[in-house]
Amino acid sequence: MRILVSETTWAAMAIANDLANAGFLVTPAADGGEVFEYADLAQQNVILLDVDLPDMSGHHCLRQLRRTYPRAAIVMMAPPKDLAAKLRAFQCGADDVIEYKAEPREVAARLQAIARRRAGLSAPTIQVADLTLDCAQRRASIAGKPLHLTRLEYELVEMLALRAGKIVSKDEIMAQIYALGDAPDPKIIGVYICHIRAKISALGGDAGIVENVRGRGYALVNSAPLRIAA
């Protein structure tokens, strides 16, 4: 899961660091302008916005984000016990408000829950054929057997699982995994897919559930081949 974080205070930087240490992909933004830039250029599951921005009001930024991206998952960070800031955040369109000193596991759980709901899922576990993905624990299994994935392999599988049955383009995958950082050749996605399929097959699973829809991208399906109208 990729989270866009406005790292504009020490508290926000600490939260971003905790999320990165927990295995999440974090896109740091130095101010409101960068928040808009990165929200537009890269795939973001959640936008985590500080109430204190150097170039604009955090609430103003939130209102503009909500107008531009009405379906985006947007969470605001605020000082502890600042009820006025929290209420205003909700009025401006925040899905949730997290206090600066919130316990890291709580922050991660709340962001994951919001991202899942945006994807139309009510539970942290996603089942596609014999693949089970526990998004809360960031673990995968095939018919109950642990599927050991690297960090980026897991991110790729989770992205496909959150959009199961739908084609995800290679450009979307690259934007999710690498955002605006130095990215390798897009052919690397095919290498990751081959590794994931091999690991699924080694556990006796059907590697065909990770399907290459030629010329369009990849999809996680209950059975291959995928049939989607042009």
Side-chain angles (χ1 to χ4, degrees), residues 1-20 22 24-102 104 106-122 135 155 158-159 162-163 166 168-169 171-183:
M1 187 168 83
R2 179 165 289 282
I3 304 169
L4 172 56
V5 184
S6 61
E7 293 187 350
T8 53
T9 62
W10 287 110
M13 291 174 67
I15 290 175
N17 185 64
D18 288 336
L19 291 169
F24 295 98
L25 301 176
V26 175
T27 303
D31 53 34
E34 285 195 355
V35 169
F36 284 108
E37 179 184 358
Y38 297 160
D40 186 54
L41 294 177
Q43 298 285 321
Q44 310 290 343
N45 294 101
V46 181
I47 298 173
L48 187 54
L49 187 65
D50 202 333
V51 71
D52 185 13
L53 299 175
D55 56 342
M56 66 182 73
S57 158
H59 292 101
H60 172 74
C61 184
L62 172 58
R63 284 195 299 270
Q64 292 298 110
L65 284 170
R66 183 53 72 203
R67 291 192 190 103
T68 307
Y69 308 101
R71 295 182 55 81
I74 308 174
V75 177
M76 178 157 273
M77 296 174 279
K81 300 181 180 180
D82 191 340
L83 181 59
K86 293 179 182 179
L87 293 177
R88 190 176 177 192
F90 284 119
Q91 292 168 353
C92 292
D95 293 295
D96 197 1
V97 181
I98 293 174
E99 293 186 354
Y100 288 143
K101 295 184 179 180
E106 177 189 350
V107 174
R110 288 165 72 170
L111 296 182
Q112 286 176 315
I114 289 170
R116 288 197 307 272
R117 287 197 293 271
R118 278 289 183 269
L121 302 170
S122 59
C135 296
E155 290 293 339
E158 184 185 72
M159 184 181 188
L162 288 171
R163 298 167 65 175
K166 298 179 181 178
V168 182
S169 72
D171 287 344
E172 289 176 306
I173 294 173
M174 290 293 290
Q176 171 84 6
I177 294 178
Y178 296 104
L180 303 175
D182 294 331

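By convention here, the first residue in the shown sequence is residue 1.
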What's the separation between atom [atom1] in [X] and atom [atom2] in [Y], rounded to the nearest 0.5 Å?
{"X": "M13", "Y": "S6", "atom1": "CE", "atom2": "OG", "answer": "11.5 Å"}
{"X": "Q64", "Y": "F36", "atom1": "CD", "atom2": "CZ", "answer": "5.5 Å"}
{"X": "L162", "Y": "C135", "atom1": "CG", "atom2": "SG", "answer": "5.5 Å"}
{"X": "I74", "Y": "Y69", "atom1": "CD1", "atom2": "OH", "answer": "9.5 Å"}
{"X": "R66", "Y": "L49", "atom1": "CZ", "atom2": "CG", "answer": "11.0 Å"}
{"X": "L65", "Y": "C61", "atom1": "CG", "atom2": "SG", "answer": "4.5 Å"}

Please confirm whether the backbone N or O of [Y] pairs with a side-chain atom of [X], one donor and one acceptor, at under 3.5 Å?
{"X": "D50", "Y": "L53", "value": "no"}
{"X": "R118", "Y": "A72", "value": "yes"}
{"X": "H59", "Y": "Q91", "value": "no"}
{"X": "E34", "Y": "A30", "value": "yes"}
{"X": "R63", "Y": "C92", "value": "no"}
{"X": "E7", "Y": "A16", "value": "no"}
{"X": "D55", "Y": "G32", "value": "yes"}

Specify the closest pair of heavy atoms between [X] and [Y], including all atoms of both residues, with the distance to one decimal.
{"X": "D96", "Y": "F90", "answer": "CA-CE2, 3.7 Å"}
{"X": "A89", "Y": "L62", "answer": "O-CD2, 3.3 Å"}
{"X": "Q44", "Y": "I3", "answer": "OE1-C, 3.8 Å"}
{"X": "F24", "Y": "A108", "answer": "CE1-CB, 3.7 Å"}
{"X": "E158", "Y": "M1", "answer": "OE1-N, 2.9 Å"}
{"X": "D95", "Y": "A73", "answer": "OD2-CA, 3.4 Å"}

Please report the C-alpha distance between I98 and R110 in whole Å, then the side-chain angles of each, then the deciding distance to 0.1 Å, and finally whether the side-chain contact (heavy atoms from CB on, under 4.5 Å) criterion is met.
CA-CA 9 Å; I98 293 174; R110 288 165 72 170; 4.1 Å; yes
Set out, in order, the CA-CA distance, both residues' side-chain angles and the distance that settles side chain to side chain donor-acceptor pair (under 3.5 Å) for N45 and Q112, then state yes or no.
CA-CA 9 Å; N45 294 101; Q112 286 176 315; over 6 Å; no
Quick one, L48 and I15 - any side-chain contact, counting heavy atoms below 4.5 Å?
yes
Kindly indicate whether the side chain of V35, heavy atoms from C-beta on, has any atom under 4.5 Å from the side chain of I47.
yes
If you apply the rule side-chain contact (heavy atoms from CB on, under 4.5 Å), what do you find for Y100 with T9, and how did you get there?
CA-CA 10 Å; Y100 288 143; T9 62; 4.2 Å; yes
Test side-chain contact (heavy atoms from CB on, under 4.5 Å) on V97 and V75 and set out the steps.
CA-CA 6 Å; V97 181; V75 177; 5.9 Å; no
Is it true that K81 and E99 make a salt bridge, defined as a side-chain N closer than 4.0 Å to a carboxylate O?
no
May I ask you to decide whether K166 forms a salt bridge with E172, counting only side-chain N to carboxylate O separations under 4.0 Å?
no
I'd like to know whether R2 forms a salt bridge (Lys or Arg N to Asp or Glu O under 4.0 Å) with E155, so could you lay out the CA-CA distance, the side-chain angles of the two residues, the decisive distance to 0.1 Å, and finally the verdict.
CA-CA 9 Å; R2 179 165 289 282; E155 290 293 339; over 6 Å; no
Does the side-chain contact (heavy atoms from CB on, under 4.5 Å) test come out yes or no for V5 and M77, once each step is laid out?
CA-CA 10 Å; V5 184; M77 296 174 279; 4.1 Å; yes
